[in-house]
Number of protein chains: 4
Amino acid sequence: MDFEYDERTQELRARLTDFMAEFVYPAEPLFADDATSGWERPAVMAELRAAARERGLWNLFLPHHSDGAGLTNLQYAPLAEITGRSPEIAPEVFNCNPPDTGNMELLSLFGTPAQQERWLRPLLAGEIKSAFCMTEPDVSSSDPANLGAQAVRDGDEYVLTGRKWWSTGGMSEDCRVLVVMCVTDPDASTRDRFSMLLVPREAAGVSAVRGLSIFGYDHRTSGGHAEMSFDGVRVPAADVLGEVGKGSAMAQARLGPGRIHHCMRMIGMAERAVDLMCERATRRSTFGRLLGEHGVVQQWIADARVQIEQLRLLVLRTAWLIDTRGAREARRDISAIKVAAPQAVESILDRAIQIHGAAGMTADLPLAMLWAQARTMRFIDGPDEVHRMVLAKRELARFA
Amino acid sequence: MDFEYDERTQELRARLTDFMAEFVYPAEPLFADDATSGWERPAVMAELRAAARERGLWNLFLPHHSDGAGLTNLQYAPLAEITGRSPEIAPEVFNCNPPDTGNMELLSLFGTPAQQERWLRPLLAGEIKSAFCMTEPDVSSSDPANLGAQAVRDGDEYVLTGRKWWSTGGMSEDCRVLVVMCVTDPDASTRDRFSMLLVPREAAGVSAVRGLSIFGYDHRTSGGHAEMSFDGVRVPAADVLGEVGKGSAMAQARLGPGRIHHCMRMIGMAERAVDLMCERATRRSTFGRLLGEHGVVQQWIADARVQIEQLRLLVLRTAWLIDTRGAREARRDISAIKVAAPQAVESILDRAIQIHGAAGMTADLPLAMLWAQARTMRFIDGPDEVHRMVLAKRELARFA
Amino acid sequence: MDFEYDERTQELRARLTDFMAEFVYPAEPLFADDATSGWERPAVMAELRAAARERGLWNLFLPHHSDGAGLTNLQYAPLAEITGRSPEIAPEVFNCNPPDTGNMELLSLFGTPAQQERWLRPLLAGEIKSAFCMTEPDVSSSDPANLGAQAVRDGDEYVLTGRKWWSTGGMSEDCRVLVVMCVTDPDASTRDRFSMLLVPREAAGVSAVRGLSIFGYDHRTSGGHAEMSFDGVRVPAADVLGEVGKGSAMAQARLGPGRIHHCMRMIGMAERAVDLMCERATRRSTFGRLLGEHGVVQQWIADARVQIEQLRLLVLRTAWLIDTRGAREARRDISAIKVAAPQAVESILDRAIQIHGAAGMTADLPLAMLWAQARTMRFIDGPDEVHRMVLAKRELARFA
Amino acid sequence: MDFEYDERTQELRARLTDFMAEFVYPAEPLFADDATSGWERPAVMAELRAAARERGLWNLFLPHHSDGAGLTNLQYAPLAEITGRSPEIAPEVFNCNPPDTGNMELLSLFGTPAQQERWLRPLLAGEIKSAFCMTEPDVSSSDPANLGAQAVRDGDEYVLTGRKWWSTGGMSEDCRVLVVMCVTDPDASTRDRFSMLLVPREAAGVSAVRGLSIFGYDHRTSGGHAEMSFDGVRVPAADVLGEVGKGSAMAQARLGPGRIHHCMRMIGMAERAVDLMCERATRRSTFGRLLGEHGVVQQWIADARVQIEQLRLLVLRTAWLIDTRGAREARRDISAIKVAAPQAVESILDRAIQIHGAAGMTADLPLAMLWAQARTMRFIDGPDEVHRMVLAKRELARFA
């Protein structure tokens with residue numbers, strides 16, 4: 001047992017930290033979530049990405065591919081944490097943002113050479129963006145059996161019809177390809193019912209209906225969260241990703257490390273909040289004393305530290321488990337971090353907001369937006385309640 | 001001791017409830033917080049207000065004036081609760097929304113006949129709107145000694161310079177008059193240092209700098225939360241509201257019942273959330289059972305009921321205390337409801353969101369917006385921490 | 001709506017408060033939970049009871065009987081609160097302690113003249129004590145269908161066999177009569193299956209097996225919590241209380257006001273805790289400041305006040321509901337106070353302990369014992385979880 | 001970074017687990033906290049200790065001495081966890097229980113050969129027991145400046161006068177030696193004011209005044225928690241442990257690893273609770289379903305798992321920090337585990353009690369006693385509030 005980051009991790013952490021200070025934090029004010037901009041990224045994003053790529057801080061997430069950094073989950077996790085300090089910008093700057101990450105992983109594992117050439121190469125090069133279309137409106141997303149978008153075989157093509165939402169990034173024109181989970185065999189069991197199709201966003205019959213807001217945030221500068229409509233979209237059979245009927249298994253594989261990335265970024269968000277709390281507490285006074293000299297404020301800060309340290313260790317151990325025993329073996333632990341992370345991080349952000357007074361709720365500080373991000377984590381990749389069920393069943397199984 | 005609402009209250013509650021169902025809820029979709037609209041109310045608001053006024057559901061909040069309903073706080077509180085079910089719209093429909101309510105009270109109590117004719121009459125008639133300018137950026141608002149906007153006497157005028165924020169409603173052109181709290185005697189004690197000026201929003205030197213967002217919400221359809229700048233604004237001495245140097249006392253008087261109104265509206269928000277939870281729980285199924293048959297969901301609903309009932313009684317008792325013993329005597333209780341209300345209502349809204357899945361965070365449901373409203377209550381009229389201090393000191397004083 | 005106690009309540013509260021100060025608190029050290037005393041009350045109890053009876057502070061709980069005080073639940077509740085400040089002693093001093101109160105109510109409502117003469121008269125006079133035998137070991141008490149103790153008719157007698165536990169007071173020889181809930185018709189529905197028998201504690205076949213401890217407390221000075229065994233006890237048919245087969249309904253009737261009494265006493269426990277907290281906070285210093293000047297301590301005290309005020313109002317309103325609409329109508333509210341009270345009071349006691357340092361856990365202060373009492377309330381008369389289910393079903397029924 | 005226990009740890013864990021099952025759990029019923037036994041251990045303890053010693057499961061805690069196991073803190077922590085599953089018995093069975101562990105460490109590090117021969121050798125051999133006398137009644141123990149017991153030099157002797165409490169084990173006659181922290185130079189700074197004396201329990205002037213109870217538990221079978229009085233006890237100068245004036249530093253050194261041991265044992269307590277919860281949940285039914293099929297119960301179990309995993313990692317990392325960087329460097333982390341552990345473990349035990357119904361509070365199950373143990377941890381070695389202050393100051397220092 002050893003709790004030290006290895007050398008490569010330490011070196012990359014130092015470089016990322018420097019890059020954040022030099023490039024990312026100063027650019028944050030340029031990313032206002034402003035209706036006037038439409039759904040596109042501000043111009044500075046391209047410059048930031050170029051700077052990152054030049055420095056080799058690029059595709060760090062990707063283990064299996066020559067264009068990736070070849071890091072283990074345990075090595076990548078502490079890097080994802082750092083990008084989480086500015087989660088609207090930094091992950092994308094390093095080409096490490098969902099849903100592109102998951103889509104690139106799928107393409108690198110299951111894509112045909114033609115698919116890889118058409119979509120993976122430009123994604124890895126940062127030339128295009130992608131979306132992932134799985135969740136559907138009006139059905140309970142925690143139970144995949146309810147998904148209804150359907151692709152019907154018609155000669156050499158599939159005809160795709162249905163509606164998806166929470167397709168992050170889908171409102172932007174930078175998004176060129178959609179990975180769409182759909183029913184290809186309605187009579188099969190849940191396991192074999194689904195396939196994934198690669199659908200160009202500009203294909204006939206595809207439309208981005210609207211962007212969903214999250215607590216008032218549109219996330220316009222990352223392409224929003226789209227509701228997508230597919231009305232008789234014709235997709236060549238060659239554009240099925242992986243095997244027909246294996247969509248469900250591929251989605252599971254995609255989620256494992258993805259959840260770790262999310263959780264690590266949340267730890268970065270929490271660390272950012274603690275920094276902001278401490279800065280404020282060492283500068284602002286009320287009732288004749290610095291905020292940081294008030295016992296209640298000290299309690300908030302102390303509890304934040306206790307929560308973060310525990311959470312980070314749990315996520316790192318889970319990354320290690322995936323690396324050493326596989327995502328399947330780590331399923332209990334992945335559920336555990338999904339439950340633990342938003343609970344801790346939301347409460348830390350809430351206190352960070354409180355310490356800043358009403359300003360904490362505004363766009364003058366990143367805290368309210370970070371809070372809204374953290375809150376979404378109790379839904380993304382399954383609600384808390386389902387993860388708790390998974391955890392409990394594991395425990396109970398020891399005694400049944 | 002008797003826990004029954006009196007007849008007048010019951011009758012007004014029934015009428016308000018009907019009005020909400022017939023007019024307010026159906027109009028909610030028209031009030032999207034949409035950047036394209038600028039900062040103005042949608043046209044339907046005027047119609048709704050006309051309908052309410054016609055039915056005598058108007059100025060219910062106002063006790064002391066012939067144009068008011070003459071209700072006690074105890075009678076008005078359960079009405080405010082009902083308007084809180086749609087807090088962006090309903091209070092204004094009945095001309096019962098802050099900051100107009102507090103401003104009308106101040107004008108009715110302290111205004112000269114000329115001031116009343118110019119500002120109170122059209123406010124009561126619903127022809128204009130107003131704002132209240134007290135909090136300032138960059139200083140701790142919990143300690144009034146920090147306020148710095150200043151009005152310097154110059155002949156028959158004051159010259160007002162300073163910056164205010166969180167001036168609710170101030171972004172809209174409907175807002176015609178600003179009640180501005182400012183220093184008139186910088187050398188006096190905190191008690192005697194401040195005065196209130198009545199400043200036309202179109203006066204030279206006044207500008208609405210920007211609207212502040214709250215968790216991504218601009219509240220455009222209520223005129224937003226403005227940051228206001230006053231650059232050498234010349235205000236005739238006749239436009240001082242009440243006595244010079246009495247601004248602080250008047251602000252205190254204004255806050256007492258205002259806090260009750262806020263808290264009662266929050267109870268309405270919580271009741272709305274419970275209704276939405278129960279509707280969803282009786283219609284949506286997961287894992288083969290209705291949501292309402294899951295023990296965890298039952299727990300959420302049960303706890304909401306327990307929290308609401310306790311909170312409502314506490315607020316009503318506080319209203320009764322203000323009516324029977326005065327706001328000063330009720331100060332401990334006012335602090336108590338300020339602490340209790342957001343804590344309960346936030347947690348109820350959070351669970352209502354969770355029960356709706358990711359949709360709960362979007363504008364498709366009012367829940368996320370209600371949550372953001374509830375969250376602001378931990379700052380408005382003093383942060384929790386200050387109210388807790390007030391409460392503790394009262395308890396400790398019994399033993400000192 | 002009116003939040004003032006009526007005159008009779010105020011007068012009795014004043015007298016009880018004086019009596020507590022003069023007689024009860026000074027006697028507390030004599031009630032050490034000490035194994036050397038066996039299971040009997042210390043001698044001083046008889047003196048205290050004589051003093052209370054002399055002053056007319058006797059049988060305050062009993063509404064329906066000439067020997068009772070004739071108070072409504074709303075009048076009695078604030079008196080029960082005061083006795084809760086010393087819950088091991090005071091309720092018994094005023095002949096207002098469970099299970100005698102519930103048993104006296106049952107006897108006064110359903111007892112034959114002979115039963116009343118034999119058991120009710122001496123109970124009212126404070127000459128004997130009683131126990132209530134309902135819960136059974138090894139079955140889930142939240143579901144009455146599981147109860148198994150059985151009384152089989154044999155000529156003019158019933159032969160009673162079974163095992164009960166949590167029979168409070170049953171270890172003491174002062175306890176002369178047991179009200180035993182048992183199956184008389186195993187084939188009937190749950191509603192008609194049970195009857196109540198009046199069984200002398202010295203009857204052949206009755207034995208007090210052992211006293212159960214609660215977090216290390218035996219409650220010896222109130223006769224403990226007995227596990228009772230009934231081995232073929234012969235009970236004359238004339239000793240059935242009320243009608244055969246009506247045991248279940250009688251038990252329900254017994255529980256309603258009983259739960260209110262419990263909850264009101266818990267509020268008294270919480271007020272005692274706040275007093276102790278404040279006393280300590282105004283006398284003890286750490287790090288150069290009085291405890292009461294530390295923000296964290298202020299927060300504990302403030303939150304206690306907020307919790308208590310809300311809880312008390314909820315319990316009083318429930319008492320009023322029982323008085324004005326009957327226990328059946330108040331069922332939702334009774335469940336609500338059962339959920340709310342232990343949650344609030346446990347947390348207040350916990351903080352009161354914390355403020356006293358390790359001494360707070362010892363018998364030098366009443367706090368740890370009070371905490372253990374409060375903790376039991378999450379089981380007595382049904383666990384929280386069942387009350388939450390009742391509450392949720394009521395809410396959901398509005399939408400089903 | 002590596003999260004696997006090393007081989008020696010794994011092997012010892014397996015052996016300890018077997019020993020617990022074969023010897024310790026079956027003996028638990030013999031350790032009833034029964035007043036009839038006086039303050040002495042039941043006879044079976046000697047047998048258990050002999051069995052453990054025979055198997056080499058002895059003095060595992062001790063790193064620096066030939067009689068110790070030579071384990072690092074990181075290796076010992078997971079073993080301490082296992083002993084925590086039966087905390088009243090197991091630590092002592094393996095001669096790993098406080099305060100003997102801390103006293104043995106002090107004696108091995110600072111004792112003269114004569115002191116080691118007289119006290120350390122028999123302690124290591126398990127022939128005698130010891131106590132540690134530091135905390136004093138009537139002063140705030142969180143601030144050492146308040147300690148008042150004093151040893152005045154008189155020729156070749158010190159004359160010791162004062163009162164101590166919470167001297168664990170001190171009521172038993174097995175306890176032969178007391179390590180007493182006392183003022184030797186009242187005029188010195190807090191750092192240099194104290195020394196430690198080795199005082200035989202049978203010395204003239206020493207008396208064990210009384211045993212303190214914790215939530216009704218006397219802990220008689222471990223020698224209780226004594227209040228000790230020292231009335232002019234004459235102690236030869238040769239019996240000062242370590243240097244005169246270095247008591248404070250030695251106490252600090254003693255506490256570091258001690259806190260880790262406490263926290264690891266608490267994790268064992270929590271694991272025991274989860275086992276009991278799951279056993280119950282897989283066997284008992286309510287309302288037609290196994291407890292483990294109820295969503296609320298699943299939530300309790302899931303959250304327990306999430307809490308435990310995080311806490312264990314934090315404690316192990318702290319152990320590793322002490323091993324690799326020293327207790328001083330790990331001070332922040334030691335404070336963190338002191339805050340985190342009781343919070344998590346209390347709440348897990350509370351839910352485990354709730355799942356067992358009222359039986360959970362009795363001595364029929366270990367849960368209530370374990371809860372009381374966990375609750376004491378919020379005082380032992382400093383209250384939470386002080387540890388939070390330490391933590392907050394570290395964070396704030398980064399920005400000051």
Side-chain angles (χ1 to χ4, degrees), chain A residues 32-36 135 137-143 145-146 165-166 210-220 225 227 284-288 291 294 296-297 300 346 350 353-364 367-369 371-372 375-376 378-380 383-386 388-389, chain B residues 32-36 135 137-143 145-146 165-166 210-220 225 227 284-288 291 294 296-297 300 346 350 353-364 367-369 371-372 375-376 378-380 383-386 388-389:
Chain A
D33 192 343
D34 190 331
T36 60
T135 314
D138 301 324
V139 302
S140 172
S141 62
S142 41
D143 189 349
N146 296 321
W165 71 350
W166 298 110
R210 58 168 181 158
L212 299 160
S213 65
I214 294 177
F215 281 84
Y217 296 100
D218 289 329
H219 297 282
R220 290 172 174 268
H225 306 284
E227 182 168 337
R284 177 71 67 112
S285 293
T286 53
F287 303 99
L291 283 175
H294 289 276
V296 172
V297 170
W300 293 348
E346 261 183 55
D350 183 81
I353 289 168
Q354 191 67 13
I355 221 178
H356 283 86
M361 303 185 298
T362 70
D364 292 1
L367 293 165
M369 184 273 288
W371 184 93
R375 182 66 185 84
T376 64
R378 280 163 58 203
F379 297 115
I380 291 178
D384 293 3
E385 290 66 38
V386 171
R388 285 201 172 94
M389 214 169 62
Chain B
D33 193 342
D34 188 333
T36 60
T135 314
D138 301 324
V139 301
S140 171
S141 63
S142 42
D143 190 348
N146 297 323
W165 71 352
W166 297 110
R210 59 168 181 157
L212 299 160
S213 65
I214 294 178
F215 281 85
Y217 296 101
D218 289 329
H219 298 280
R220 291 173 173 265
H225 306 285
E227 181 167 338
R284 176 72 67 115
S285 292
T286 51
F287 302 99
L291 284 175
H294 288 276
V296 172
V297 170
W300 292 348
E346 259 183 55
D350 183 82
I353 289 168
Q354 191 68 15
I355 221 178
H356 283 86
M361 302 185 299
T362 69
D364 292 0
L367 293 165
M369 184 273 288
W371 184 92
R375 182 65 185 83
T376 65
R378 280 163 58 201
F379 297 115
I380 291 178
D384 293 2
E385 290 67 38
V386 171
R388 284 202 173 93
M389 212 169 64

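In the text below, chain A, chain B and the rest are named by the order of the sequence lines, each starting its count at 1. Note that these values count all heavy atoms, side chains included, but never hydrogens, waters or copies made by symmetry.
Taking every heavy atom of both residues into account, S213(B) and A363(A) meet most closely at OG-N, 3.7 Å. Scanning both residues, A358(A) and F379(B), for their nearest heavy atoms gives N-CD2, 3.7 Å. Smallest separation of non-hydrogen atoms from A359(A) and W165(B): CB-CH2, 3.6 Å.
Interface residue D350(B): backbone and side-chain heavy atoms are both found under 4.5 Å from chain A. With a threshold of 4.5 angstrom between heavy atoms, I353(A) approaches chain B through its backbone and through its side chain. Neither the backbone nor the side chain of T135(A) comes within less than 4.5 Å of any heavy atom in chain B.
For chain B, the option among A372(A), A368(A), P383(A) with the highest count of heavy-atom pairs below 4.5 Å is A368(A). Of the residues considered (L291(A), D364(A), L212(A)), D364(A) shows the highest number of contacts with chain B, using heavy-atom pairs under 4.5 Å.
Residues forming a side chain to side chain donor-acceptor pair (under 3.5 Å) with Q354(B) (at least two apart in sequence, or on another chain): R375(A), E385(A). When the ring-ring contact (aromatic ring centres under 6.0 Å, His included) test is applied to F215(B), the partners found at least two apart in sequence or on another chain are W371(A), W371(B).
How far CE of M389(A) is from NE2 of H294(B): 8.0 Å, rounded to the nearest 0.5 Å.
Remark: side-chain polar atoms of R284(B) are paired, donor with acceptor, to backbone N or O of V139(A) under 3.5 angstrom.
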